[in-house]
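Below you'll find the structure, written out as structure tokens, and then a few comments.
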Amino acid sequence: TDLEALAVGFLFNEGIIKNREEVDLVQVCPHGDNIDIWLNHPVEQPKQWRRTSGCTGGATAVILEGLHPELRDGFVLEPRAINRLVEMLTNAQELYREVGGVHTSVLSDGERAVVSAEDVGRHNSLDKIAGRCLLDSIDLPRRILVTTGRISSEMIQKAARIGAAIVVSRTSASSLSVSLAEKWGITLIGYAR
């Protein structure tokens, strides 16, 4: 679902595009298995892709050391707000309730779920959120990502590109994602209950 957002968000999270204005056309083929994106400027193809820990073996060309996220000013989140955020995530799990077997991620401003995305791949759910923000011109002063997926280094990398100051997961975070979150000033909360 939401393949246009998936494709645009992937290009954004990989650093290939910086904004919506760079995209001239997004077109999903009739069978839904190919997406054409035309940009209004040439881009260099990444020289090397590396496989990620995604369940379908995703790929990334972003070098973690080269990423310098532009995060918003920090803010304080009351501990009881974590329960509300996890409840927002649970409420957004429409496809999961119907068929199971998918991850859900929500972008919140701390008060409401602004964008939600579901996908078999946890990485894809964050790409969809990034793409939806670009395609719908969504700009929030506070960005909190809440997800059902494990937070790997690739997940915290995507969260940083999205500009999330806080990342909350119902499950674990890898040691590398904890190190990167500390380096980039992201509050990372795992096993949120």
Side-chain angles (χ1 to χ4, degrees), residues 1-14 28 32-33 35 49-62 64 67 69 77 81-110 112-136 138 140 143-178 180-181 184 186-193:
T1 61
D2 209 4
L3 298 179
E4 296 90 348
L6 172 64
V8 170
F10 178 77
L11 292 179
F12 175 80
N13 282 337
E14 289 296 309
V28 179
D33 58 3
I35 305 164
W49 292 92
R50 75 181 160 85
R51 293 186 66 76
T52 67
S53 57
C55 61
T56 57
T60 185
V62 173
L64 292 174
L67 182 65
L77 191 63
I82 305 303
N83 290 335
R84 287 194 311 271
L85 290 167
V86 172
E87 186 178 327
M88 279 182 213
L89 178 68
T90 301
N91 292 339
Q93 293 185 281
E94 294 175 16
L95 185 58
Y96 177 81
R97 281 191 295 278
E98 185 178 334
V99 298
V102 297
H103 284 288
T104 306
S105 294
V106 169
L107 178 66
S108 174
D109 61 2
R112 60 194 168 92
V114 179
V115 180
S116 65
E118 292 184 279
D119 198 281
V120 170
R122 59 194 161 99
H123 298 86
N124 292 352
S125 69
L126 294 188
D127 287 337
K128 287 178 179 182
I129 285 177
R132 191 52 42 217
C133 286
L134 288 174
L135 293 171
D136 295 344
I138 296 170
L140 303 172
R143 291 180 181 215
I144 303 167
L145 274 172
V146 190
T147 185
T148 58
R150 181 176 61 84
I151 304 299
S152 62
S153 60
E154 298 90 6
M155 290 285 281
I156 202 73
Q157 170 185 300
K158 289 176 186 288
R161 285 286 295 160
I162 291 168
I166 299 174
V167 177
V168 180
S169 175
R170 288 197 322 209
T171 187
S172 64
S174 71
S175 60
L176 181 54
S177 71
V178 171
L180 291 171
W184 295 332
I186 298 172
T187 300
L188 179 56
I189 302 167
Y191 290 112
R193 300 283 189 276

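What you are looking at is a predicted structure, and each value in this text was computed from that prediction instead of being measured.
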Here the pair of heavy atoms bringing A117 nearest to S125 is CB-O, 3.5 Å

Flag side-chain contact, heavy atom, 4.5 Å: R122 against S105:
no

Value rounded to 0.5 Å, distance of CG in D109 from CD1 in I138:
11.0 Å

Nearest heavy atoms of S116 and V106, plus distance in Å
CB-CG2, 3.9 Å

Can you find a heavy atom in the side chain of T187 that is under 4.5 Å from one in the side chain of L77?
no

For D136, what residues pass the side-chain hydrogen bond (donor to acceptor under 3.5 Å, both in side chains) criterion, not counting sequence neighbours?
R132

For the CD1 atom of I35 and the CG atom of L3, what is their distance to the nearest 0.5 Å?
4.5 Å

Is there side-chain contact between H123 and S152, with at least one heavy-atom pair below 4.5 Å?
yes

Write down the atom of G121, the atom of D119, and the distance for their closest heavy-atom approach.
N-OD1, 2.9 Å

Taking the side chain from R97 and the backbone from N91, do they hold a donor-acceptor pair closer than 3.5 Å?
yes

Have a look at R170 and tell me which of T90, V146, T147, I189 forms a side chain to side chain contact (heavy atoms under 4.5 Å, CB included) with it.
T90

Under 3.5 Å, is there a donor-acceptor pair between the side chain of S169 and the main chain of G149?
yes

Which residues share a salt bridge (Lys or Arg N to Asp or Glu O under 4.0 Å) with R193, sequence neighbours left out:
none

Closest non-hydrogen contact found for K128 with A5 is O-CB, 3.6 Å

Which one of I129, L89, V168 satisfies the side chain to side chain contact (heavy atoms under 4.5 Å, CB included) criterion with L145?
I129

About how many Å separate NZ of K158 and CZ of F10, when rounded to the nearest 0.5 Å?
6.0 Å

Residues L180 and S153: closest non-hydrogen pair is CD1-CB, 3.8 Å

How many angstroms lie between atom CG of L126 and atom CD1 of I162, to the nearest 0.5 angstrom?
5.0 Å

If I take atom OG from residue S177 and atom CD from residue E154, how far apart are they, to the nearest 0.5 angstrom?
9.5 Å

Rounded distance (nearest 0.5 Å) linking atom CG of L85 with atom OG of S108:
5.0 Å

I need the single residue from T148, T104, N124 that forms a side-chain hydrogen bond (donor to acceptor under 3.5 Å, both in side chains) with E118. Which is it?
T104

Note: S174 and R150 closest approach over all heavy atoms is CB-NH1, 4.3 Å

